There are 2 protein chains.
Amino acid sequence: MDHPRGHTEPGAEADGELESLVARVPIFSGLDHGQIREIAARVQPRIVPRNEQLYGAGDVNPYLRIIHTGTVKVYRITESGHEQVLRVLGAGDFLGEKALISPSVSDHFAVTLTEAEICSLEHAAIRDYLLRYPSVALTMLETLSARLGSTEEQVSAIAGEDAASRVATYLVGLAEELKRNSVALPITKKDVASFLGLTPETLSRRLAGFEDNGWIHQQGNRRIDILDLEALRLV
Amino acid sequence: MDHPRGHTEPGAEADGELESLVARVPIFSGLDHGQIREIAARVQPRIVPRNEQLYGAGDVNPYLRIIHTGTVKVYRITESGHEQVLRVLGAGDFLGEKALISPSVSDHFAVTLTEAEICSLEHAAIRDYLLRYPSVALTMLETLSARLGSTEEQVSAIAGEDAASRVATYLVGLAEELKRNSVALPITKKDVASFLGLTPETLSRRLAGFEDNGWIHQQGNRRIDILDLEALRLV
DNA sequence: GCATCGCCTTGACGCAGGTCAAGTCGTGGA
DNA sequence: TCCACGACTTGACCTGCGTCAAGGCGATGC
């Protein structure tokens, strides 16, 4: 089972494809081919339809999930009923790490926004890999640390910046990430508003204001052309 | 250097004390005595006076720091000048993990709130331990994951709850953590306000309101007696 | 022990953004 | 291709919280 094979070609066999899938996952980069094979053997890949809830508050969620294609929205609902979008995950990202060690009850929801290809790994298995292949743990640490950093930014933006500034910063970030001036929102405007700690009405008004200023141009509900990036940076 | 010693007694020699210090750090729990000794040899303990800045935005901060005694405030200052308190760390907590792998420039500030005993470990050393002792990485993952969870709570509270509710939840949390009805604020009210995404004026007004309702009693600037925990829970 | 600085409190006021409502439009599912 | 639901927009209103200001008090450092 765990003897290393000389060639690194994925080959044409059925799980060769699965192995190359695993090899492209950031947290497994740095593992050699034999280790990739071992993990691929324990992975359960699945095509998940759009709008399917992966887990919800109250669930005991025993899987670490890795997204190969598609996007997933992670949000939380407060005691008072407020829905807060926390982040949007895409190809290469993982979720479900919270209960990795102490399998606690989740207060998160995760829903697919598009059809998605997702691999599930049981927590016991992941824990085993983390102990045997420390580089996997190191990469996860780096990812979690980055995630903490952006959630901290979310806190200080919501607490300290006004609505226009938050919306502008979000658009600039999107444009920089995509390296394009015409961006497609990864989520609905309603969800963008929630992510930014705003109501949909306020987001709509600010975007309309930007459009009046000639800084952006909106097409349909999702596409925004950015006409003046510098003006947005200065908001 | 790395031969295991049979006895687990800290002994009376100078660095025996240092070893027992290291052994009490949560992320090093689970290591055996020989491993603890190895780490103790690389550790630089220091007594840091009150109000000393451990690192600031723009610093390249090459140390993971572990707090043995005392408390440390971590905050960030946004582009527009808003100061946001992110968390308060105490005995057993670590900080400086952000640049653990890619030594990026920090946008955080960390200041001691009391005199503190703090150990510094170079990132290269910690990285080495993480690769050799995966249980350390696992504990760090667990801690970071918990930290992410509470920062997410901070986001949804600031975005979704009104001022009174945030203040009440904060007091209830403090009382539960200390398991007492008379709590001492770990930070100034000004900092509590920042942590909760409020101005000091609003915090002061809400606390005065709670006192008018007979739910709390304030003594001096730091001590608050909680007279009606249930009422606070229902705010 | 005392002085001083900065924290805390209280008041008055204004406004950013939330709420409610109604109408339009886009989009995804059949 | 079409339909229907939900997302989005726009307007009017209003309130909670921030801002500015001034005074009292407490805690820190000498």
Side-chain angles (χ1 to χ4, degrees), chain A residues 49-52 70-71 73 78 80-85 111-115 156-168 184-212 216-224 235, chain B residues 49-52 73 78 80-85 111-115 156-168 184-212 216-224 235:
Chain A
R50 179 193 166 89
N51 286 330
E52 180 164 308
T71 55
K73 173 179 85 168
T78 64
S80 64
H82 171 79
E83 174 178 328
Q84 178 66 47
V85 174
V111 186
T112 51
L113 295 176
T114 60
E115 183 178 88
S156 56
I158 293 176
E161 313 293 331
D162 65 13
S165 166
R166 281 180 259 169
V167 175
L185 300 178
I187 43 181
T188 64
K189 284 182 181 169
K190 186 184 159 164
D191 283 337
V192 173
S194 163
F195 179 74
L196 298 175
L198 299 171
T199 57
E201 291 93 329
T202 298
L203 175 62
S204 181
R205 279 185 246 273
R206 295 297 168 264
L207 287 175
F210 291 172
E211 196 155 19
D212 287 347
I216 65 170
H217 175 66
Q218 305 190 58
Q219 302 180 33
N221 279 343
R222 288 288 184 102
R223 180 149 297 277
I224 297 179
V235 172
Chain B
R50 178 193 166 86
N51 286 332
E52 181 164 307
K73 173 178 84 167
T78 64
S80 64
H82 170 78
E83 174 179 328
Q84 178 65 48
V85 174
V111 187
T112 52
L113 295 175
T114 60
E115 184 178 88
S156 56
I158 293 176
E161 314 292 330
D162 66 13
S165 166
R166 281 179 258 169
V167 175
L185 300 178
I187 43 182
T188 64
K189 284 183 182 168
K190 186 185 161 162
D191 283 338
V192 172
S194 164
F195 179 73
L196 297 175
L198 299 171
T199 56
E201 291 93 329
T202 299
L203 175 62
S204 181
R205 280 184 246 272
R206 295 297 168 261
L207 287 174
F210 291 172
E211 196 155 21
D212 287 347
I216 65 171
H217 177 65
Q218 304 190 61
Q219 302 180 34
N221 279 343
R222 289 286 186 104
R223 180 148 298 278
I224 297 179
V235 172

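Letters go in sequence order (proteins before strands), and every chain restarts at 1. No experiment lies behind these values; they were computed from the predicted model shown. The figures that follow rest on heavy atoms only: side chains count, while hydrogens, waters and symmetry mates do not.
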Describe the nucleic acid contact of A:Q218 in one word from base, sugar-phosphate, nothing, applying a heavy-atom distance below 4.0 Å. sugar-phosphate
Heavy-atom neighbours of A:K189 NZ exceed 12 at 6.0 Å: yes
Between A:T78 and B:S156, is there a donor-acceptor pair closer than 3.5 Å when you use the side chain of the first and the backbone of the second? no
Is A:K73 salt-bridged to A:E83, going by a charged N under 4.0 Å from an acidic O? yes
Report the residue (B:G220 or A:T199) whose heavy-atom-nearest nucleotide on DNA chain C is the more 5′ of the two. B:G220
So, is A:R50 close to the C:dG29 phosphate, meaning a side-chain N or O under 4.0 Å from OP1 or OP2? yes
Find which nucleotide of DNA chain D each of A:K189 and B:A164 is nearest to by heavy atoms, and output the residue with the more 5' nucleotide. A:K189
Any side-chain heavy atom of A:Q218 within less than 4.5 Å of one from A:R223? no
The nucleotide from D:dC8, D:dG11, D:dG26 with an atom nearest the side chain of A:T188 is D:dC8
Between atom CG in B:N51 and atom P in C:dC7, what is the gap in whole Å? 10 Å
Ignoring backbone atoms, establish whether B:T202 has a side-chain N or O less than 4.0 Å from OP1 or OP2 of D:dG18. yes
Rounding to an integer number of Å, can you tell me how far B:L198 CG sits from C:dC8 C1'? 15 Å
Rounded distance in Å - CD (B:Q219) to P (C:dT9): 14 Å
Within the pair A:S204 and D:dC8, is there a side-chain N or O less than 4.0 Å away from OP1 or OP2? no
Closest to side chain of A:D162, choosing from D:dC8, C:dC8, C:dG17: C:dG17
Using whole Å, what does the distance between atom C1' of nucleotide C:dT27 and atom CG of A:D191 come to? 15 Å
Whole-Å gap separating P (C:dC5) and NZ (B:K190): 16 Å
Gap separating the CG atom of B:L198 from the CZ atom of B:R205, nearest 0.5 angstrom: 11.5 Å
If you look at every strand shown and take non-hydrogen atoms under 4.0 Å, does B:G197 touch a base, only sugar-phosphate, or nothing? sugar-phosphate
Write down the distance between CZ (B:R222) and P (C:dT9), rounded to a whole number of angstrom. 12 Å
Report yes or no: is there a donor-acceptor pair, N or O only, under 3.5 Å between the side chain of A:E201 and the base of C:dC20? yes
Ignoring hydrogens and angles, does a donor from either the side chain of A:R206 or the base of D:dT9 sit under 3.5 Å from an acceptor on the other? no
From CG of A:L203 across to C1' of D:dT9 the rounded distance in Å is 11 Å
Once hydrogens and angles are ignored, does a donor-acceptor distance under 3.5 Å link the base of C:dG11 to the side chain of B:R205? yes
Between C:dA16 atom C1' and A:I158 atom CD1, what is the distance in whole Å? 16 Å
